[in-house]
Amino acid sequence: MTDLPMPRDLPEIEDTGRSNPDPRRPIGELIAERLSRRAALGGLAAAALASAAEAAPAPATRAHDVGDAADAGPSTLRFPELRHRYSQRDSVAEGHEIQTLIRWGDPLFADSPAFDPLKQSAASQARQFGYNCDFLAVMPPVRPGTAPAPAPAPTQVDRAVLWVNHEYTNTNLMFPGLGAGPQARGRITAEQVQVELMAHGGSVVEIRREAGRWRYVRGARLNRRITAQTPMRISGPAAGHPRMRTNADPAGTRVLGMVNNCAGGTTPWGTVLTCEENFNFLFGGAAAETGDQAAAYRRYGITANPPYSWHRHVGRFDLDQEPNEPNRFGWVVEIDPYDPESTPVKRTAIGRFKHECCTHAVAKDGRVAFYSGDDERFEFVYRFLTARPWNPTDLAANRDLLDEGTLSVAKFEADGTLRWLPLVQGQGPLGPENGFHNQGDVVIEARRAATLLGATPMDRPEDVEANPVNGRVYVALTNNGRRTAQQVDAANPRAGNIHGHILELTPSGGDHAAPTATWTVFIAAGKPGVDPGTQYHRATSDQGWLSCPDNVAFDSKGRIWIATDGAPGAAGVADGLYAADTAGVGRALTRLFYQAPAGAEVCGPILTTDDRTLFLAIQHPGEERGSTYETPTTRWPDFTPGMPPRPSVIAIVRRDGGVIGG
Ligand code: FEO
Ligand code: CA
Ligand code: CA
């Protein structure tokens, strides 16, 4: 998602981008300041981007606007490229078809009530598909390793188990009568807050393709809702830590729910990893400024008066009642989608920050590397490496593999080297002198530990994902308009980087366990010839340039599919999905394949293993200036009078049944 988990017309609740207060200053100076200064950070950002929604919305039309069949040039992706535009409707390259798979409020279970946005309750939302879908995992229909005989690779995938994150709530678009703007969150009732809790989390849902059309299976055996109230276990070095203990959980080992789950990943042993990102906006209270943990709160962007009102209605989100509750969020959660009764586990060894993702790549010796971005301006890229190899023949033996390993943070050297710096208590500056008495301290305050080690502050790390064909790791850095000329470095080379860039890492020796890698810029986004410092294939068209790369996926040929979040709508550019070769003469020639409806970002791109279906999560449609429940700037995807926009998962197939993108 955007790092602004709220409508884009609300500059006063934009993240400060100052949790890492001054990434280019000497570390000693930072420490001294941290010890002496308790003053709140300065005012929130004042500048607002004009939204395209201020212009008159485009008239509704059923037709998808498609571009001409542009010359694909040297690209292996032969689809006719779309034209940039901004519309209430979404669009896909000609020859392809958009199928709405599941929408906010759709009933998951036989006894789920039908969706009625005027009659929402916590009980109904808990049985329905949640809000603001983000990360998608498409898993085999049966648990890997349990099929009676090795099944041949399917020529056409037509069944799957789908995992979906539900990242956050657009209060003013969910409930009637709240108006626009940040005031909407302050006006909601305690009952509506309970609905929001149930709209967070994730969904497991079985899906099928029948007669060429994908649909979800209501009442399927594996269907499950996980919410901000689902009991979870805490494991790893922070489990039981004094700073994890609350009145409801004096042992510090159990927590209710997960929130703000943005992107994620999977494991080789068939579980899902779902990542808590902007949890800070849900906690509030005077202790943010006066409490014992004020400095730590500040490093994670926790404030006394957050934009959401949960802390006024639910005691555990009130810092003055439960000062440790926020320490129990910001983690990677492992979920077994094949067992609806299983208890999700927060794996604290992977560190606590605003996790965008947690994607895996197997090292040469069978240990597994998990890559994460911390999505905030001037935050870092991380890698967790398991202590032991994974066991492909006994999947249950991997059950607690994520509890032991080494968390490292990336330092990008100007010579094109990347060094992974281990966050290990007792090593270097991570000792008692800096408040790190055990590894629990380190993972709870992973950001501060990484700063002390000298990690490279990045331009908002989003997806970090290995390409299974070439073994390289792609780091989407979505933007950082606040980087100054004095703060640029080789890996973040542009001041005022409003369009972002993508780095390409090559692990040393091709081994994801190596302590080093080399890196290069894959693309630097923005409009060529207009924005400074852009970098693409020189044949990239006027339609193929992009802004704000967020999540990426790879098809079986190793081509990259790039979803965006933050395109300049005012300039007539919607967020979308772009594809490019990563090798050969078409390398880095991005081409526009799909455009989102007004206000939405594109999330969770994933292709089936046969490359014949592409799933996308379309998040926060209608999230624009002035948009309200009654008069949203789009009613995508239903376009039914009275029905608000509904975040939805879509399936894209080719009309001739062929491979997506050609
Ligand atoms: Fe939720 Fe980093 O986007
Ligand atoms: Ca994201
Ligand atoms: Ca984002």
Side-chain angles (χ1 to χ4, degrees), residues 1-8 13-15 17 19 49 130-137 164-170 200-202 258-265 273-282 300-301 307-308 329-333 353-359 371-382 458-465 474-481 497-502 525 546-553 561-569 574-578 596 599-606 616-620 623 647 649:
M1 66 157 269
T2 167
D3 72 336
L4 321 178
M6 39 221 73
R8 294 166 184 202
I13 52 174
E14 185 172 343
D15 114 48
S19 298
L49 280 177
Y131 204 79
N132 271 349
C133 38
D134 198 303
F135 172 69
L136 304 176
V164 187
N165 283 6
H166 298 301
E167 184 177 0
Y168 69 104
T169 48
N170 288 93
H200 273 244
M258 59 186 196
V259 296
N260 299 102
N261 293 72
C262 186
L273 301 176
T274 171
C275 301
E276 295 179 312
E277 194 191 44
N278 294 315
F279 64 95
N280 55 309
F281 292 117
L282 302 178
Y300 284 82
Y308 284 86
F329 295 85
W331 301 106
V332 173
V333 185
F353 42 91
K354 294 189 181 182
H355 276 277
E356 172 70 19
C357 64
C358 192
T359 64
Y371 294 100
S372 277
D374 182 353
D375 182 7
E376 191 158 350
R377 297 167 185 86
F378 303 113
E379 291 298 340
F380 310 124
V381 173
Y382 295 83
M458 308 298 288
D459 287 346
R460 287 188 56 201
E462 298 258 25
D463 218 349
V464 184
E465 189 138 345
Y474 293 78
V475 182
L477 299 158
T478 198
N479 60 52
N480 183 356
N497 180 15
I498 60 172
H499 294 297
H501 56 294
I502 298 178
L546 60 91
S547 178
C548 302
D550 191 329
N551 292 119
V552 304
W561 294 75
I562 305 164
T564 73
D565 172 20
D575 277 316
L577 186 76
Y578 299 76
E601 69 166 287
V602 179
C603 300
I606 185 167
L616 298 175
I618 306 305
Q619 188 179 132
H620 55 73
E623 183 188 85
V649 178

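Remember, it's 1-based here, ligands and their atoms both numbered in the order they're listed. Residues take their numbers from the sequence shown, with the count starting at 1.
Put simply, Asp375 stays out of reach of the Ca ion (ligand 3), with no N, O or S atom under 3.0 Å from it. For residue Glu356, no N/O/S atom approaches the Ca ion (ligand 3) to within less than 3.0 Å. Glu601 lies apart from the Ca ion (ligand 3) in this respect, since none of its N, O or S atoms is found at a distance under 3.0 Å. Taking backbone and side chain together, Cys603 holds no N, O or S atom under 2.8 Å from atom 1 (Fe) of ligand 1.
Considering the Ca ion (ligand 3) as centre, the angle to OD2 of Asp565 and to OD2 of Asp550 is 90° (10° rounding). With atom 1 (Fe) of ligand 1 as the vertex, atom OE2 of Glu167 and atom OE1 of Glu277 span an angle of 70° (nearest 10 degrees).
The N, O or S atom of Asp375 with the smallest distance to atom 2 (Fe) of ligand 1 is OD2. Considering just the N/O/S atoms of Glu462, the one nearest the Ca ion (ligand 3) carries the name OE2. The nearest N/O/S atom of Glu356 to atom 2 (Fe) of ligand 1 is OE1. Considering just the N/O/S atoms of Glu462, the one nearest atom 2 (Fe) of ligand 1 carries the name OE1.
Evaluation of the ring-ring contact (aromatic ring centres under 6.0 Å, His included) rule for Tyr382 yields Phe353 as partners, not counting sequence neighbours. Qualifying salt bridge (Lys or Arg N to Asp or Glu O under 4.0 Å) partners for Asp374, counting only residues two or more places apart in sequence or in other chains: Arg447.
Side-chain contact check for Glu376 and Asn278: no donor-acceptor pair (N or O, by modelled atom type) lies under 3.5 Å. Remark: the Asn480 side chain and the Arg460 side chain contain no N/O donor-acceptor pair separated by less than 3.5 Å. Lys354 and Asn280 are linked by a side-chain donor-acceptor pair at a separation below 3.5 angstrom, with hydrogens and angles left out of the test.
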| Intermediate values then yes/no, side-chain contact (heavy atoms from CB on, under 4.5 Å), His200 and Met258 | CA-CA 8 Å; His200 273 244; Met258 59 186 196; over 6 Å; no

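Side-chain atoms of Ser547 and Thr564, non-hydrogen and from C-beta on, never get closer than 4.5 Å to each other.
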